[in-house]
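Computed from heavy atoms alone, side chains included, the values below leave out hydrogens, waters and symmetry copies. Convention: sequence-line order gives letters A, B, ...; per-chain numbering from 1.
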Amino acid sequence: MEGPPLKVIAERLAVFKGKKVKSASGTAKIEKEATIGKEVEGVFSRGKNLFIRFADFSFRIHFLMFGSYRINEIKSGAKARLSLAFNDGTLSFYNCPVSILRNDEIEKLYNENIDITSEKWDLEKVMELASKMRNELICDVLLDQNVFAGVGNIIKNEALFLAKVHPLSVVGKIPEEKLKEVALKAREFSLLFYEAKKKGESIDPYLKTYGEKECPACKGKVLRKRTGIRNRISFICPPCQVLYA
DNA sequence: TATAATGTTTGAAC
DNA sequence: AGTTCAAACATTAT
């Protein structure tokens, strides 16, 4: 799950703020019991991570590809990784790694300035980090959670298409202004993604290249190819996307 | 029925 | 000893 839809989930789960944990269960091998009797002080996302914050530590939950949650409901045929019971409801998470982190560690590890969904997202900071990765491919840097936190394969592909940059471009060969445009398009599409999900809409109608066979600009055939160190699918329109190599 | 896909972490192998 | 890479995890649509 990419950052924007996760942020929408975090905002929905904020209804649990102020509630005290009555009991905690689940298959995650962590000290769940430490939260019993404690009050949820906040629910928020940073990149692709979801946090349920207590006074001095938080649950960190990552949905990966297939994570899900339920409120006041049990998902049939699945054991919850983490289930929190409150006086007036329950919250359960499935198919997701859950860990516990001290709150000061979270601030150290997950900087809001690079979170593509954050109000505090900072283009200058992102450019500084991205520019350092001169020898890497742009398709890899966009998926690097320490540079573009919350960007996943959908946002990666859409940003590159919107900026007209080929995914196999080498970062150091991309003109600075162009690199900035890639970052800004990733940001722009992420906000669109967020707004769509917030309204309960699918992102599909907004996709220009992800999953498409035909380029909406030149009507040419979109190439589908695994790229980069993570070997993720890239959708490429060679005539429209410039290869800086 | 097999495959692929909105991913990350871990630990074996080199 | 540092780096690389496959495995593990697990759901659902096609």
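When the side-chain nitrogen and oxygen atoms of A:Arg60 are compared with OP1 and OP2 of B:dT9, one or more of them lie within a distance under 4.0 Å. Residue A:Arg230 places none of its side-chain N or O atoms closer than 4.0 Å to OP1 or OP2 of B:dG7. Of the side-chain N and O atoms in A:Asn95, none sit less than 4.0 angstrom from OP1 or OP2 of C:dC9. Applying the 4.0 Å criterion to OP1 and OP2 of C:dA10, one finds that A:Arg81 has a side-chain N or O inside that range.
Each of A:Phe66 and A:Leu143 has a nearest nucleotide on DNA chain B; the 5'-most of these lies closest to A:Phe66.
At a threshold of 4.0 angstrom between heavy atoms, the contacts of A:Ile203 with the nucleic acid are absent.
Regarding A:Leu101, its CG atom lies at a distance of 11 Å from the P atom of B:dT9, rounded to whole Å. Rounded to whole Å, atom C1' of B:dT9 lies 16 Å from atom CD1 of A:Ile30. Distance A:Phe63 CZ to B:dT9 P: 15 Å, rounded to the nearest Å. Atom CZ in A:Arg224 sits about 13 Å away from atom P in C:dT14, given to the nearest Å. B:dT10 atom C1' lies 15 Å from atom NZ of A:Lys29, rounded to whole Å. Per the geometry, CG belonging to A:Asp144 stands 11 Å off P belonging to B:dT9, to the nearest Å. Atoms CE (A:Met1) and P (C:dT11) sit 14 Å apart, rounded to a whole Å.
Here C:dT12 is the nucleotide among C:dC9, C:dT12, B:dG7 with the atom lying nearest to any side-chain atom of A:Lys75. The side chain of A:Met65 approaches B:dG7 more closely than any other nucleotide in the set B:dG7, C:dC9, C:dT11. With C:dT12, B:dG7, B:dA5 as the candidates, the nucleotide lying closest to the side chain of A:Leu64 is B:dG7. Nearest nucleotide to the A:Asn153 side chain, out of C:dA10, B:dT9, B:dG7: B:dG7.
In the displayed structure, A:Arg134 atom CZ is contacted under 6.0 Å by at most 12 heavy atoms of other residues, nucleotides or ligands.
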Using a 3.5 Å limit on both pairing distances, list the dot-bracket string of DNA chain B from the 5' end; Watson-Crick and G-U wobble pairs count, crossing pairs take [ ], interstrand pairs take |.
-> .||||.||||||||
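Comparing C:dA1 with B:dT9, their P atoms sit 25 Å apart, to the nearest whole Å. B:dA4 and C:dA6 have their P atoms separated by 16 Å, with the value rounded to a whole Å. The gap from the P atom of C:dC9 to that of B:dT1 amounts to 23 Å, rounded to the nearest Å.
Counting only heavy atoms from C-beta outward, the side chains of A:Tyr94 and A:Phe66 never approach each other to under 4.5 Å. Residues A:Tyr69 and A:Ile61 form no side-chain contact, since every pair of their non-hydrogen atoms from C-beta on lies 4.5 Å or further apart.
Judged by distance alone, the side chains of A:Lys156 and A:Ser234 do bring a donor and an acceptor atom under 3.5 Å apart. Side-chain contact annotation: A:Tyr206 with A:Glu195, donor-acceptor N/O pair under 3.5 Å absent.
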Apply ring pair (Phe, Tyr, Trp, His ring centres under 6.0 Å) to the pair A:Phe59 and A:Phe54, showing each step before the final yes or no.
-> CA-CA 8 Å; A:Phe59 284 121; A:Phe54 297 90; 5.8 Å; yes
Begin with the C-alpha distance, continue with both residues' side-chain angles, and end with the deciding distance and a verdict on salt bridge (charged side-chain N to carboxylate O under 4.0 Å, His left out) for A:Lys7 and A:Glu119.
-> CA-CA 12 Å; A:Lys7 184 178 170 119; A:Glu119 316 69 50; 2.8 Å; yes
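Between A:Lys125 and A:Glu112 no salt bridge is recorded (no basic side-chain N to carboxylate O distance below 4.0 Å).
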